[in-house]
J.: 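Okay, handing you the structure first.
Both backbone and side-chain heavy atoms feed into the values below; hydrogens, waters and symmetry mates do not. Order of the sequence lines fixes the chain letters, A, B, ..., with proteins taken first and strands second; residue numbering starts at 1 for each chain.
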There are 2 protein chains.
Amino acid sequence: MPKETFFNLPAEKRDAICETAVTEFAAHPYEQASVNRIVAQAGIAKGSFYQYFENKKDLFLYLLQIMGKAKLDYLTPALQNPAQHDFFTLLRDMYRAGIQFAIDYPLYAEIGKKLLASKDDPILADVIEANMPAAQNFFAPLLLQAISRGEVRADIDVAMFSYMIAAMHTHVVEYHIDHIDPTYDETMMATLNQFIDFLQHGMGVENET
Amino acid sequence: MPKETFFNLPAEKRDAICETAVTEFAAHPYEQASVNRIVAQAGIAKGSFYQYFENKKDLFLYLLQIMGKAKLDYLTPALQNPAQHDFFTLLRDMYRAGIQFAIDYPLYAEIGKKLLASKDDPILADVIEANMPAAQNFFAPLLLQAISRGEVRADIDVAMFSYMIAAMHTHVVEYHIDHIDPTYDETMMATLNQFIDFLQHGMGVENET
DNA sequence: CTAAAATATGACCGGTTGGTCACATGACTG
DNA sequence: CAGTCATGTGACCAACCGGTCATATTTTAG
């Protein structure tokens, strides 16, 4: 957690520092990100930085915390009435929220992506271990509920599909960011609906009913 | 490409250096990997290293080349008779080959994973750009063929599913490595078959025929 | 106006990086 | 044996890293 000195700063200066830091961590993974570059870009002295933060990790964890809150704001509406909709609708809403988050906060999304990629870094191990299983542990009960409701096949390996659903979420977001014009909301929804339909019915030719 | 001096080395010394380097690049992404550590671990002088290789990148690209050949050996049998089997059987064979490769060469797999993760590194941009579209461009024609054969739904976005199939391949491999006991081949095949079945028929409850 | 407390600063530290280079050692050749 | 050429070597380089600290400046309080 940053020191009190940091929170005593005028809000605009605080935000400027955070913005600079976000840019740095979006451009370089944690280990490559440079405190020197951050202070130079933010126009503050090296010594000041260490009056605001314990160290590089302190700043990084603080940013992750802010990011987590922002992302939660996007996901919460989708999770409001978990019993209201069927599993695949819920999944679609969550994927859509994730995509929208990445569109609105591309730098946050980039940091998250890089973090996921460097999850075996020992210095970040505690953060990862604390938050990584979250995604899978989150989907597992949803899957079980969906099975009991008769929405999802009962013969699936829940652990594996929790893992894959979380992983696919990442890649769906990435695909949209890299390939879909973010201004065309309909295209995004069309592609997403198609993908959710695939999750439900597969990509094989449908059996004649 | 390494210098002639490197290839003049006794094979065992050459292999020892490569093995050390592979270990280093499996433990650290390219930018973090240290030439100093490699030479220390391999028991050669720093100067010698630069008599063998132009620079760090030279060594890394050489290792990637070796890895590529090794992986191709695993994939070739699955691709032998592309017209013989249906799309999903082909996909299963490819996924299985990928898993087996990761089991037999865990360090190679780790390097590949880290490379994929750091694909926006400018110094490696050329390698990535040269090989990354390969995966997607590889699956796209297969998908088109499968559609024309009536094995895959004709209404899918081929570009997106090429991307997702390649991405899912990575995660299926990762899941197996992290969660499945590599000695129990049946477990692996059972999980894999289940996943392929999901790709074909989805995870939703099946329609009554 | 003064004293004390908070904040800003950049030179500096030890350590690591990728890479170089003058030189030592060894092996082949005449 | 002498000479040539390939190979081995580690001290050395500039650049950068995260982090410290004595000191200068500013703000606050009495």
J.: Could you tell me if the ring centre of H179(B) sits under 6.0 Å from that of Y163(A)?
T.: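 Ring centroids of H179(B) and Y163(A) are less than 6.0 Å from each other.
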J.: Where do M188(A) and I180(A) come nearest, in terms of heavy atoms and distance?
T.: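 Heavy-atom minimum between the residues: N-CG2, 4.2 Å.
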J.: Are D197(B) and R153(A) ion-paired here, with the side-chain N under 4.0 Å from a carboxylate O?
T.: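 The answer is yes: the pair qualifies as a salt bridge.
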J.: Give me the atom names and distance for the closest heavy-atom approach of R92(A) to L192(A).
T.: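 Closest heavy-atom pair between R92(A) and L192(A): O-CD2, 3.7 Å.
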J.: Is any side-chain heavy atom of H171(A) closer than 4.5 Å to one of F195(A)?
T.: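 They are not in contact (no side-chain heavy atoms under 4.5 Å apart), so the answer is no.
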J.: F60(A) CZ to dC17(D) P: how many Å, rounded?
T.: 17 Å
J.: Whole Å only: how far is the CG atom of D121(B) from the P atom of dG18(C)?
T.: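 Computing the D121(B):CG to dG18(C):P distance gives 13 Å.
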J.: Grab the CG-P distance between D58(A) and dT20(D) for me, whole Å please.
T.: 12 Å
J.: Using a cut-off of less than 4.0 Å, is there contact between a side-chain N or O of Y50(A) and OP1 or OP2 of dT20(D)?
T.: no
J.: Near DNA chain C, under 4.0 Å by heavy atom, which residues of residues 20-39 of chain B?
T.: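 Under 4.0 Å from DNA chain C: A33(B), S34(B), V35(B), N36(B), R37(B).
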J.: In whole angstrom, give the distance that lies between atom CD1 of I17(A) and atom C1' of dT9(C).
T.: 14 Å
J.: Tell me if a side-chain donor or acceptor on R14(B) pairs with a main-chain N or O of F7(B) at a distance below 3.5 Å.
T.: yes
J.: Would the F6(A) and Y62(A) ring centres measure less than 6.0 Å apart?
T.: yes
J.: Once you round it to whole Å, what is the distance between C1' of dA6(C) and NZ of K3(A)?
T.: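 Computing the K3(A):NZ to dA6(C):C1' distance gives 13 Å.
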J.: So, is the end of the K56(A) side chain (NZ or CZ) under 6.0 Å from the ring centre of Y30(A) and within 45° of the ring's axis?
T.: yes
J.: Which parts of nucleotides 7-12 of chain D does protein reach within less than 4.0 Å, heavy atoms only, written one letter per nucleotide 5' to 3' as B for base, S for sugar-phosphate only and - for none?
T.: SBBB--
